[in-house]
Amino acid sequence: MNLKPVRTRFAPSPTGRMHIGNARSALYPFLLARRTGGTFILRIEDTDQKRYSPTAEAELIEGLGWLGIHHDEGPDIGGPFGPYRQSERRAIYHEYAWKLVDLGHAFPCFCTPARLEKVRQEQMKNKQNPRYDGTCRGLELGEARRRVDAGEKYVIRFRMPKEGSITATDLLRGEIVTDNSALDDSVLLKSDGLPTYHLAAMLDDHLMEITHVIRGSEWLPSMPLHVHIIRAFGWDEPEFVHLSVFLKPSGKGKLSKRDTDQAMKDGYSIFLGDMQDLGYTPEGVLNWIALMGWGVPEDDLLTLDDMIARFDIHHLTPSPAAINFAKLDHFNGAHIRSFRTEDLAARLKPYFLRENLAVDDATLLKIVPLIRERLVTLDDCLPFAAWFFRETVEPKPEELVAKGLTASQSADAARKSLEVLAGLPEITPQTAEPPMRALVERLSLSPNQVFGILRVAVTGQTVSPPLFESMEIVGKEKVLERVTRAIVMLEKM
RNA sequence: GCCCCCAUCGUCUAGUGGACCAGGACGCAGCCCUUUCAAGGCUAAAACUGGAGUUCGAAUCUCCAUGGGGGCACCA
């Protein structure tokens with residue numbers, strides 16, 4: 001792999017919520033930049049004032065920060081190639097668009113949207129390809145300038161050659177040859193003075209000295225146009241890499257609103273903003289999205305640093321990938337298991353606080369090792385451990401009855417257990433487990449039965465962290481109190 | 001309608017003409033461990049879309065078909 005420092009960029013348009021597709025489009029260029037000791041840039045492509053969403057940019061930056069994908073230059077931190085927000089680069093686009101006119105590669109166009117729409121309808125009706133009909137293409141430049149100066153509304157279109165073909169190269173797919181006759185006189189500068197993506201992105205990538213353009217495959221069909229624009233200026237084009245799209249879990253089609261709604265019902269989401277609430281970690285999410293479209297040999301449990309060390313653009317795959325939430329869960333759980341106790345405790349704490357539980361750090365630190373390997377998402381700490389932070393537990397009477405025993409038999413087992421536990425100086429796995437096992441033996445019952453009764457009595461639930469470890473944390477006094485109460489409940493049944 | 005891209009287990013993928021009766025991971029099933037739930041260990045089932053060609057030899061190269069995806073805006 002060529003390790004010359006690259007300059008890459010993530011160039012989202014702030015129009016909606018940040019999702020895993022965006023995240024991956026940021027991840028790969030980031031990895032390439034870090035891998036080569038290069039530079040990763042954030043550029044905001046806000047040239048569509050109709051679709052602009054003021055909260056989107058903040059969400060984008062927040063999402064990147066959460067994942068640990070930090071940019072070296074961007075609208076929030078500046079840099080030598082700014083501004084990094086396209087709406088602030090108006091003058092540049094204007095200048096270069098007219099430069100292209102002067103070079104003969106573009107022309108001003110005065111056609112009204114209404115007329116163009118009519119032409120398009122006509123063409124569709126005649127089963128022709130919808131495209132610009134060339135009305136202003138032959139306009140004399142002096143005349144065109146006069147009309148512009150007179151204040152007439154205009155756009156600037158690229159003057160696409162009528163003949164010949166163009167060869168564009170995608171790093172993952174190789175050379176793609178396109179007949180120019182299949183290409184259109186696309187608009188470069190809109191009548192509001194702002195550029196279209198085609199002009200803005202090519203210009204900025206050149207001006208910001210981007211060496212590798214890594215973007216979604218929805219841009220593949222317009223790559224020939226982009227290469228035309230770049231060459232019209234006399235520049236060399238960067239390396240292009242078009243990432244495959246994410247498909248819905250079934251693999252049939254891309255994700256729709258309906259699919260994302262369904263995912264949310266199942267406790268999943270593709271939006272970064274939701275994923276944190278759902279208990280996903282940046283490590284898990286990153287690992288998940290990184291491996292959709294990147295074939296990493298051997299171990300696939302990767303941290304960001306692992307990814308940087310192994311990233312190779314040639315191992316990206318061009319085919320679409322169906323998302324698989326089960327795999328997200330796997331990676332999330334695996335990363336959680338790898339966290340140090342203090343780290344995991346700190347990450348879990350907000351989820352307890354969210355439920356208004358009185359978490360104290362010392363207790364939390366003791367709980368973490370007990371629940372660590374049981375967590376798939378961070379908020380799974382609640383069903384396992386929320387009860388530790390409540391004054392009392394509320395066992396269901398029927399759950400106190402052990403399998404295969406009656407209520408009074410269960411009460412009896414509980415009474416005998418209470419005697420054993422009460423006789424201990426303190427309850428720890430070391431002190432309590434041997435005598436309790438001996439008791440089980442003496443009663444000719446199974447550990448499952450007796451420990452089950454105690455589990456429900458002490459934790460209030462049938463599923464919990466290991467029993468004796470939990471008892472140690474809760475403390476002898478509360479354990480005896482709760483077992484006593486359970487006996488009363490059983491006797492009343 | 002036209003243009004472009006893609007195609008290996010259910011899913012993500014390894015594989016760049018012989019080392020492939022196709023490897024890994026997730027999921028699924030079974031077993032082991034086990035006080036619940038997990039985690040962990042072991043085992044199993046599971047794929048080269050189809051057809052022509054090139055070649056001594058093809059998952060790998062070519063063509064066609066099929067399927068899937070994307071695009072054809074004064075949106076990105």
Side-chain angles (χ1 to χ4, degrees), chain A residues 11-15 45-48 50-51 109 111-113 116-117 120 123-124 126-131 153-157 170 172-173 176-179 182-184 186-192 194-198 200-201 215-224 242 244-245 247 249-254 288 291-301 314-315 317-331 333-334 337 371-376 380 383-384 433 436-437 440 446-456 459 461-468:
Chain A
S13 65
T15 54
E45 309 219 325
D46 56 347
T47 57
D48 182 354
K50 283 185 222 85
R51 291 202 305 156
C109 167
C111 298
T112 64
L116 292 173
E117 185 53 33
R120 204 181 350 261
Q123 287 167 330
M124 302 269 257
N126 297 335
K127 300 215 182 225
Q128 288 173 301
N129 284 339
R131 64 180 38 182
K153 280 237 175 216
Y154 72 100
V155 302
I156 290 179
R157 288 180 181 274
D170 173 88
L172 307 182
R173 287 162 253 254
I176 297 166
V177 183
T178 310
D179 284 340
L183 271 15
D184 204 358
S186 301
V187 172
L188 302 178
L189 196 72
K190 299 182 276 186
S191 60
D192 63 4
L194 285 166
T196 59
Y197 172 87
H198 308 304
R215 55 176 7 179
S217 67
E218 68 270 22
W219 294 113
L220 201 52
S222 43
M223 180 169 61
H242 292 89
S244 61
V245 291
L247 269 25
S250 64
K252 304 277 180 208
K254 56 174 185 177
W288 182 49
L291 264 30
M292 284 190 280
W294 175 23
V296 186
E298 294 150 35
D299 332 317
D300 51 9
L301 195 69
H314 295 104
H315 286 157
T317 55
S319 47
I323 62 168
N324 181 345
F325 288 116
K327 204 139 187 171
L328 200 214
D329 282 339
H330 167 256
F331 283 128
R337 269 169 257 136
I371 61 174
R372 177 191 273 118
E373 66 249 29
R374 288 161 233 269
L375 305 180
V376 171
D380 283 344
F384 278 112
E433 192 166 347
M436 281 305 299
R437 285 196 182 276
V440 167
S446 72
N448 205 332
Q449 291 171 309
V450 179
F451 296 172
I453 297 167
L454 296 179
R455 166 171 285 107
V456 175
T459 71
Q461 47 200 51
T462 53
V463 174
S464 81
L467 181 60
F468 296 107

Contact string for nucleotides 25-44 of chain B, one letter per nucleotide 5' to 3', B = base within protein heavy-atom range under 4.0 Å, S = sugar-phosphate only, - = neither, reads BS--------BBBBSS----

In 5'-to-3' order, the base (B), backbone-only (S) or no-contact (-) status of each nucleotide in nucleotides 45-51 of chain B, using a 4.0 angstrom heavy-atom cut-off, is -------

On a whole-Å scale, what distance lies between the [atom1] atoms belonging to [N] and [M]?
| N | M | atom1 | answer |
| --- | --- | --- | --- |
| rG30(B) | rU66(B) | P | 42 Å |
| rU8(B) | rU16(B) | C1' | 14 Å |
| rA76(B) | rC72(B) | C1' | 15 Å |
| rA46(B) | rA65(B) | C1' | 27 Å |
| rC20(B) | rC2(B) | C1' | 41 Å |

Taking only residues two or more places apart in sequence or in another chain, which ones pass side chain to side chain contact (heavy atoms under 4.5 Å, CB included) with [X]?
| X | result |
| --- | --- |
| P12(A) | F10(A), L42(A), I44(A), L60(A) |
| D179(A) | S165(A), S181(A) |
| E218(A) | none |

Considering every strand shown, what is the Watson-Crick or G-U wobble mate of rC48(B) when both distances are under 3.5 Å?
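Base partner found: none.
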
Any strand counts, and the cut-off is 3.5 Å on both contacts for Watson-Crick or G-U wobble. Which nucleotide pairs with rC2(B)?
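Base partner found: rG71(B).
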
Pairing residues for [X] by the side chain to side chain donor-acceptor pair (under 3.5 Å) criterion, not counting sequence neighbours:
| X | result |
| --- | --- |
| N129(A) | none |
| T317(A) | none |
| R372(A) | T341(A) |
| R51(A) | D48(A) |

Counting just side-chain N and O atoms, does [X] come under 4.0 Å of either OP1 or OP2 of [N]?
| X | N | value |
| --- | --- | --- |
| K190(A) | rC75(B) | yes |
| T47(A) | rA76(B) | yes |
| R131(A) | rC72(B) | no |

Any non-hydrogen side-chain atom of P224(A) less than 4.5 Å from a side-chain atom of L183(A)?
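Yes. Closest side-chain heavy atoms under 4.5 Å.
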
Partner set under ring-ring contact (aromatic ring centres under 6.0 Å, His included) for H330(A), not counting sequence neighbours:
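Listed in chain order: nothing, the list is empty.
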
List in chain and number order the residues that pass ring-ring contact (aromatic ring centres under 6.0 Å, His included) with F384(A), two or more places apart in sequence or in another chain; answer none if no residue qualifies.
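Scan of F384(A) (ring-ring contact (aromatic ring centres under 6.0 Å, His included), adjacent residues dropped) gives none.
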
Base, sugar-phosphate, or nothing for G216(A), non-hydrogen atoms under 4.0 angstrom?
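Contact class for G216(A): none.
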
Mind checking if W288(A) touches a base, just sugar-phosphate, or nothing, with heavy atoms under 4.0 Å?
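Here W288(A) touches no strand at all.
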
Closest to side chain of H315(A), choosing from rU13(B), rC74(B), rG15(B):
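In terms of side-chain proximity for H315(A), the closest of rU13(B), rC74(B), rG15(B) is rG15(B).
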
Proximity to the side chain of A322(A) - top-ranked nucleotide from rG71(B), rU11(B), rA76(B)
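In terms of side-chain proximity for A322(A), the closest of rG71(B), rU11(B), rA76(B) is rU11(B).
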
More 5' along RNA chain B: P195(A) or R120(A), using each one's nearest nucleotide?
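That would be R120(A).
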
Between protein and nucleic acid, restricted to nucleotides 3-6 of chain B and to nitrogen or oxygen atoms under 3.5 Å apart, what atom pairs and distances do you find?
unit_1, atom_1, unit_2, atom_2, d
rC5(B), O2', R173(A), NH1, 3.1

Which pair of heavy atoms, one from R455(A) and one from P465(A), lies closest together, and at what distance?
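What the structure gives for the nearest pair is NH2-O, 3.9 Å.
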
